[in-house]
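Written below as structure tokens is the structure these notes are about.
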Protein chains: 2
Amino acid sequence: MGLPPYLRIASELRARIASGELRAGQRVPSTRGITEEWGVALATATKALAVLRQEGLVRAVPGVGTVVGGATVVPGPPRRGRRRETRELSRELVVRTAIALADAGGSGALSMRAVAAELGVSTVVLYRHVSAKEELVALVVDAVFGEVRLPVCGPDGRRARLEASARAQWALYRRHPWLAKSVSTMRLSSSPNAMRLLEWTVAPAVECGLGTAVTLAAFVRGIAVDLEDPVDERLGLGPDALLEFGLARLLDGLAPRTPERRPPGEGRR
Amino acid sequence: MGLPPYLRIASELRARIASGELRAGQRVPSTRGITEEWGVALATATKALAVLRQEGLVRAVPGVGTVVGGATVVPGPPRRGRRRETRELSRELVVRTAIALADAGGSGALSMRAVAAELGVSTVVLYRHVSAKEELVALVVDAVFGEVRLPVCGPDGRRARLEASARAQWALYRRHPWLAKSVSTMRLSSSPNAMRLLEWTVAPAVECGLGTAVTLAAFVRGIAVDLEDPVDERLGLGPDALLEFGLARLLDGLAPRTPERRPPGEGRR
DNA sequence: ACCTGAACACCGTTCAAGT
DNA sequence: ACCTGAACACCGTTCAAGT
């Protein structure tokens with residue numbers, strides 16, 4: 001039949017829902033899953049899911065994925081006081097919805113129009129909460145970096161702390177494969193939560209400057225941009241193996257196991 | 001006046017051309033220059049130049065920038081044989097034009113429609129030479145990596161060779177500030193010229209595996225993504241200082257000055 | 001057979017008309 | 001005063017109508 005692939009996939013999924021094979025609350029295939037099952041590009045998978053979302057058949061749930069069921073209330077913060085029952089649009093809800101869409105559909109799914117549609121409001125309404133998409137992306141990145149839980153008395157050895165920081169960042173990029181691309185379009189230093197992480201990385205006991213933390217962060221992000229697309233194995237190394245190999249070597253340079261050199265004075269900020 | 005900023009800038013530049021302040025062949029301000037002179041975003045600068053290009057007042061010249069003068073023949077390869085005089089559209093010319101546009105207007109200026117407009121053909125024509133934008137970007141990246149001139153008998157010391165490779169890559173990213181973002185949307189391993197560079201990096205004499213070259217490349221690219229936007233100095237370090245600091249530490253790890261450890265067997269491909 | 005204008009399905013952002 | 005449909009200026013890609 002002559003349907004474009006994304007419509008064909010959408011109607012196959014629609015049939016699965018209609019037949020009861022996929023029930024309300026159950027997850028439909030993720031974009032990644034769709035690219036594998038149908039052998040199509042990420043953009044096609046994203047569009048297929050967007051069709052079903054538009055129809056109200058499925059919705060994006062933060063931290064879960066795309067599930068069957070009409071767009072209802074995105075789980076919000078615990079209600080306090082006697083506010084009226086209807087969900088109130090807030091900057092936080094906009095940001096949370098954007099994250100849910102990106103988690104479900106990749107970086108291509110993070111658009112002003114898609115966020116508005118998911119919330120059931122017209123696009124212009126978003127501009128009451130953010131000045132432009134650029135600001136939304138910055139808020140989204142900051143919110144995601146806010147997920148990182150840093151131990152208050154973390155490891156004090158330099159190498160251990162740098163490694164802990166790098167692994168925390170890597171875990172974040174793994175959890176949100178679209179994140180590295182979004183980070184690449186903004187200044188990480190404009191995110192308070194990212195700065196908090198960088199400063200934790202080079203806490204006083206570690207005795208090195210912010211440049212060390214930024215170098216580490218650039219390396220981790222440099223590998224993480226490959227997380228969104230399916231790996232090709234031509235290099236014989238997937239992103240995880242690359243991270244392990246490169247991180248070990250970088251730590252050797254930044255924090256030799258036998259401490260003999262201290263990173264040059266870069267100004268402790 | 002109520003004109004949007006990009007039209008205001010376009011008409012100011014138009015006036016400079018009309019008055020003779022900017023003459024045929026001379027360079028008009030680059031997008032970077034416009035962002036600084038008028039205090040606007042990169043996208044605005046790009047749009048302003050696009051207006052003038054559409055009008056045929058200026059054109060993008062590979063390796064030079066945007067210059068005054070109607071869209072005529074982009075300098076092509078030396079003509080051989082007795083082909084007719086009219087410029088013939090080829091995949092190579094499409095790629096060269098795309099590079100010129102990106103050099104002149106940043107990564108945002110690399111669009112199918114803009115390339116077609118610059119060549120004076122309709123957009124569909126491009127699809128006779130590339131299958132999709134994705135392929136065009138891959139070709140553009142490969143062509144740019146082809147600019148790197150590698151010494152046939154390069155440095156044989158491991159550290160010296162790794163450093164030479166990293167600096168060659170950095171120079172490329174500096175020359176094409178949009179490159180890192182384009183590379184981030186594709187697999188570097190799909191570019192023959194990039195693979196050539198990676199293999200040169202870990203030539204037999206250097207005694208390490210491709211993983212070393214890929215680690216180095218990920219680090220350099222991770223810092224290079226910040227090259228397109230104007231720096232903020234909140235971290236106290238610009239990309240150049242970051243590269244110097246991080247590269248030195250990474251080399252310490254990958255190729256210690258007193259060679260005592262050899263990178264683990266990663267398979268020499 | 002070849003070529004391309006117009007369309008389709010998007011995008012971010014703004015304006016003007018409506019309540 | 002507030003809200004939003006429709007518009008504007010894009011984007012990548014495809015189709016169908018024209019020569």
Side-chain angles (χ1 to χ4, degrees), chain A residues 1-10 40-55 88-89 94 98 101-102 105-140 182 185, chain B residues 1-10 40-55 86 88-89 94 98 101-102 105-138 140 182 185:
Chain A
M1 60 179 104
L3 277 180
Y6 78 100
L7 285 181
R8 194 167 49 78
I9 294 168
V40 295
L42 204 70
T44 307
T46 302
K47 278 163 88 176
L49 287 181
V51 167
L52 299 180
R53 215 153 43 223
Q54 206 89 350
E55 292 170 356
E88 211 149 320
L89 194 56
V94 170
L101 282 177
S107 53
L110 206 170
S111 79
M112 298 294 279
R113 289 169 116 104
V115 171
E118 178 74 14
L119 287 164
V121 300
S122 87
T123 313
V124 273
V125 173
L126 300 185
Y127 289 89
R128 283 208 296 277
H129 299 94
V130 298
S131 64
K133 188 187 181 182
E134 198 178 337
E135 186 181 30
L136 175 58
V137 171
L139 291 169
V140 157
S182 293
T185 68
Chain B
M1 60 178 105
L3 277 181
Y6 79 99
L7 286 180
R8 194 167 49 78
I9 295 168
V40 294
L42 204 70
T44 308
T46 302
K47 279 163 85 175
L49 288 181
V51 167
L52 300 179
R53 214 155 42 223
Q54 206 88 349
E55 292 170 356
T86 75
E88 212 150 318
L89 195 56
V94 170
L101 281 177
S107 53
L110 204 170
S111 78
M112 299 294 279
R113 289 169 114 101
V115 170
E118 178 74 14
L119 287 165
V121 300
S122 87
T123 313
V124 272
V125 173
L126 299 185
Y127 289 87
R128 281 208 297 277
H129 299 93
V130 298
S131 66
K133 188 186 181 184
E134 199 177 337
E135 186 181 30
L136 176 58
V137 171
V140 156
S182 293
T185 68

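Below, chains carry the letters A, B, ... as their sequence lines are ordered, and counting in each starts from 1.
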A:M112 CE to D:dT4 C1', in whole Å, measures 15 Å
To the nearest angstrom, the NE2-C1' distance between A:H129 and D:dC3 comes to 13 Å
So NZ of B:K133 and CG of B:L126: to nearest 0.5 Å the spacing works out to 11.5 Å
Among D:dC3, C:dG5, C:dC3, the one nearest any side-chain atom of A:R128 is D:dC3
Picking from C:dT14, C:dA6, D:dG12, the nucleotide nearest the side-chain atoms of A:V124 would be C:dT14
Encoded 5' to 3' (Watson-Crick or G-U under 3.5 Å; [ ] crossing; | other strand), DNA chain C becomes ||.|||||...|||||.||
In whole angstroms, the gap separating C1' of D:dT13 from CD of B:E134 amounts to 13 Å
(message) Roughly how many Å apart are C:dT14 and D:dG12, using the C1' atom of each and rounding to a whole number?
(response) 24 Å
A:A116 and A:T123 have their tightest heavy-atom pair at CB-CA, 3.6 Å
Side-chain (B:E118) to main-chain (B:A114) donor-acceptor, under 3.5 angstrom
no
Atom CG of B:L136 and atom C1' of D:dG12 are separated, to the nearest Å, by 12 Å
| OP1, OP2 of C:dT13 versus side-chain N and O of A:Y127: anything below 4.0 Å? | yes
From CZ of A:R113 across to P of D:dA7 the rounded distance in Å is 13 Å
_Go through it in stages, so that I can follow the logic: the residues are B:M112 and B:V130, the test is side chain to side chain contact (heavy atoms under 4.5 Å, CB included), and I'd like the CA-CA distance, side-chain angles, deciding distance and then a yes or no._
CA-CA 10 Å; B:M112 299 294 279; B:V130 298; 4.0 Å; yes
Whole-Å distance, B:L126 CG to D:dC11 P, equals 12 Å
Between the CG atom in B:L136 and the OG atom in B:S182, the distance rounded to the nearest 0.5 Å is 9.5 Å
Heavy-atom closest pair (B:V125 atom, B:L89 atom, distance to 0.1 Å) is CG1-CD2, 3.4 Å
